[in-house]
K.L.:
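The structure's right below; bear with me while I get my questions together.
We name chains A, B, ... by the order of the sequence lines, and we start the count at 1 in each one.
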Protein chains: 2
Amino acid sequence: MERGKLSRERVLDAALALVDEIGVKGLTMRRLGAEIGVEAMTLYYYVPNKEALLDGLVERVLSRAVAEPPAPGTPWRSMLREAAVGYRRELLRHPGVLPLVAGRPVSGPEALQVLEAGVAVLREAGFGLREAFHAITATITFVVGHTLAEVPPPGQDEPALDTTGFPLIAHAVAEGLGAPEDHQSRFDYALDALLDGFAARLRA
Amino acid sequence: MERGKLSRERVLDAALALVDEIGVKGLTMRRLGAEIGVEAMTLYYYVPNKEALLDGLVERVLSRAVAEPPAPGTPWRSMLREAAVGYRRELLRHPGVLPLVAGRPVSGPEALQVLEAGVAVLREAGFGLREAFHAITATITFVVGHTLAEVPPPGQDEPALDTTGFPLIAHAVAEGLGAPEDHQSRFDYALDALLDGFAARLRA
DNA sequence: AGTTCTTTCTTACGGCGTAAGAAACGGATG
DNA sequence: CATCCGTTTCTTACGCCGTAAGAAAGAACT
């Protein structure tokens, strides 16, 4: 590789592309180096170790989930909805990093800023402090859980399930359960249910 | 190791204990063998490969989540609630396997049987076929997502977060956000919200 | 030119999953 | 008793992995 063309950015770019293609399990320093055209050890000039590289991938994906911290006065419901939709959008854009997102607590300053602003919006809307945190956290964890079930991590396919003896399941599968638009509709169904539940708690 | 004392059961037992203690990342065939008092390759007499061993762990943990398939006539709401609570109970009992559960689609016959019975209960209660599946899947994925955020995988601790500049977060942390009973209350809050949302959709 | 700083590569170590087959053991059979 | 045989365990070895240590190559400045 010619000198000076590399940077942490380019390393993360290549790593993200590689993870999306072959999954986290297939990402090795040697393979990533080969993809970029460089020896494995060269990567350590830009990244202290592999763990930090994975952290960088998570941060990069999540940073695009929410455009910017919600402004005060935003309606709480659309705020939560948009956060959930954006989160899911980015996770689906990079399914390979999903296992990483699932295993890492979110604690970067950028995320905290969004959280703080979100809590402020909910407080304005009448939520208690505790309830505000619960609502936001529950929304995010719901999205993570849902998306985990939705996409098979790259590099492995879903096993076909044997529905003999289970007429309801067989019928549902025949009607398209598991198809992409089914995931969308399940997401909307459950997200709206969750938000309805928050609304009911707000009234009480 | 004296002969004949080993079995697939005992291997899985030891693996589960080891995973709970040091996490999935620390589980290696050599280490597991040492724990049992046997060479690594001996394990391959009871398990075709490591992946299958991990599958076995997941199956073992999840099989205890729901005592038995719900009987027809069970109230739908308490059925979903108990399934969620049981699922979370088992996941918390073995936090080490959480990353495995998160990454594996549930498709064993035992799980399908519970699912079939659950859908039947919801259909009786008036849910459409599609909505019944959505409600069950959403409940489970919610539990997985929630529990992922709740427990740090063994072998790593939560990083302390810097709350300077975020007064709401700082205040909430000071009031015990993140403490065990907070997780419980958030779980109850969000689960009931979700179930309320299902109920509202059932009425409509 | 020589010197210094930045960037890349070479080599090597210990640990991983596991393929292949040898070795030990226990019970049945003569 | 000796022999055989199926079951269970161990030995050895291969090709991967992350990465420590430091040599080498290139660019920039004096």
K.L.:
Between Y44(A) and dA21(D), does any side-chain N or O lie under 4.0 Å from OP1 or OP2?
P.N.:
no
K.L.:
In whole angstroms, how far is the P atom of dT8(C) from the CZ atom of R8(A)?
P.N.:
16 Å
K.L.:
For dT9(D), does either OP1 or OP2 sit under 4.0 Å from a side-chain N or O belonging to Y45(B)?
P.N.:
no
K.L.:
Taking for each residue the nucleotide of DNA chain D with the nearest heavy atom, is it R31(A) or M41(A) whose nucleotide lies nearer the 5' end?
P.N.:
R31(A)
K.L.:
Rounding to a whole Å, what distance do you find between I22(B):CD1 and dC16(C):C1'?
P.N.:
14 Å
K.L.:
Is the cationic atom of R186(A) (NZ for Lys, CZ for Arg) positioned less than 6.0 Å from the six-membered ring centroid of F133(B) and within 45 degrees of its normal?
P.N.:
no
K.L.:
Hey, is the side chain of T42(B) poking within less than 4.0 Å of OP1 or OP2 on dT8(D), counting only N and O atoms?
P.N.:
no
K.L.:
Measure NZ/K25(A) against P/dC17(D) and give the value in whole Å, please.
P.N.:
13 Å
K.L.:
So does R104(B) pair up with E51(B), basic N to acidic O under 4.0 Å?
P.N.:
yes
K.L.:
Let's go through L53(B) and R8(B) carefully: what are the C-alpha distance in whole Å and the side-chain angles of both, what is the deciding distance for side-chain contact (heavy atoms from CB on, under 4.5 Å) to 0.1 Å, and is it a yes or a no?
P.N.:
CA-CA 9 Å; L53(B) 185 145; R8(B) 189 185 131 97; over 6 Å; no
K.L.:
For the residue pair H146(B) / E150(B), report whether a side-chain donor-acceptor contact shorter than 3.5 Å exists.
P.N.:
yes
K.L.:
Give a yes/no answer on whether the side chain of R30(A) brings an N or O atom under 4.0 Å of OP1 or OP2 in dC16(D).
P.N.:
no
